[in-house]
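Counting convention: from 1, in listed order, for ligands and their atoms alike. Residues: numbered from 1 along the sequence shown. We use all heavy atoms of the structure for the numbers below, so side chains are in, but hydrogens, waters and symmetry mates are not.
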Amino acid sequence: MNPKYRKTVIAGNWKMNLLPSGLKDYAGELKLRLPKDRACEVVLCVPAIMAAPLLRLLRGSRVSLGVQDVSAEASGAYTGEISAAQLRDAGVKYVIVGHSERRAYHGETDELIGRKLQRVLASGMTPILCVGETLPQRDAGAETEVVRTQLKLALAGLDAAAMRKTVVAYEPVWAIGTGRTASPAQAQEMCREIRAAIREKFDARTARAVTVQYGGSMNPSNAAELLAQPDVDGGLIGGASLDPVKFCQIVEAAKL
Ligand code: PEP
């Protein structure tokens, strides 16, 4: 628990990077450098094929395993898909849903993302729901409306108890993989807005309890300032999570 009385979650998103043959080295380095105190939750969202072997390598450590997508269907004839039940059975605890790359390259709609969210929750795992505006949307001054609409549609079927088990990640699309980070003030403003939207849909207790992360080019040099914002409860980290040294430095920054 952080002083804000909600969980700080530092989650890596490897995307389609690294190889199974490199897991041993990564895990060894991570175990060596990871701060021992449990000031925050540490998660690695990896390609699904690497989840089980990495889980074995990290057994006994404080790291939880996550993946980057899930099927919206429960089971059956859906070639190439992976179900929430299969992930859960393999030891996965977190699932990213609605990442902007899935919205952009796989045509994922808010409705589909909402169904995936419910599957993850029903299987007892924690969803990390990604929301965020594109650069043209921000330039047009529409960022708040865009994020509020994404939230409204994806959260439509949730009750307050389910909402409290959900992590929301604010990821401005223009900051993902670009090296261009939102300023701490921009990150804070939208994370506060997200909490306000949760309060309006659910209640104040739920809004206080939900972990809201910032994601977008977070790295060891900007993490402390971003994570110090009152409504920023952690980070979703792409590029910098591929290097265990940098990832551990961000985990360290979450303590400050
Ligand atoms: C992400 O993929 O969620 C992300 C934030 O990537 P990066 O840190 O590389 O911008």
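- Protein residues are said to neighbour a ligand when one of their heavy atoms lies under 4.0 Å from it; for ligand 1 these are Asn13, Lys15, His99, Glu171, Ala175, Ile176, Gly177, Gly215, Gly216, Ser217, Leu236, Ile237, Gly238, Gly239.
- Taking the salt bridge (charged side-chain N to carboxylate O under 4.0 Å, His left out) definition, one finds that Glu200 meets it with Arg148, sequence neighbours left out.
- With salt bridges taken as basic N to acidic carboxylate O contacts below 4.0 Å, none links Lys152 and Asp110.
- No side-chain heavy atom of Glu143 sits under 4.5 Å from any side-chain heavy atom of Gln137.
- Taking Asp25 as the reference, nothing meets the side-chain contact (heavy atoms from CB on, under 4.5 Å) condition, with sequence neighbours excluded.
- Side-chain contact check for Thr178 versus Ser217: some heavy-atom pair is nearer than 4.5 Å.
- Side-chain contacts under 4.5 Å among hydrophobic residues (ILVMFWY), followed directly or transitively, place Ile128 together with Val9, Val43, Tyr94, Ile96, Val167, Leu236.
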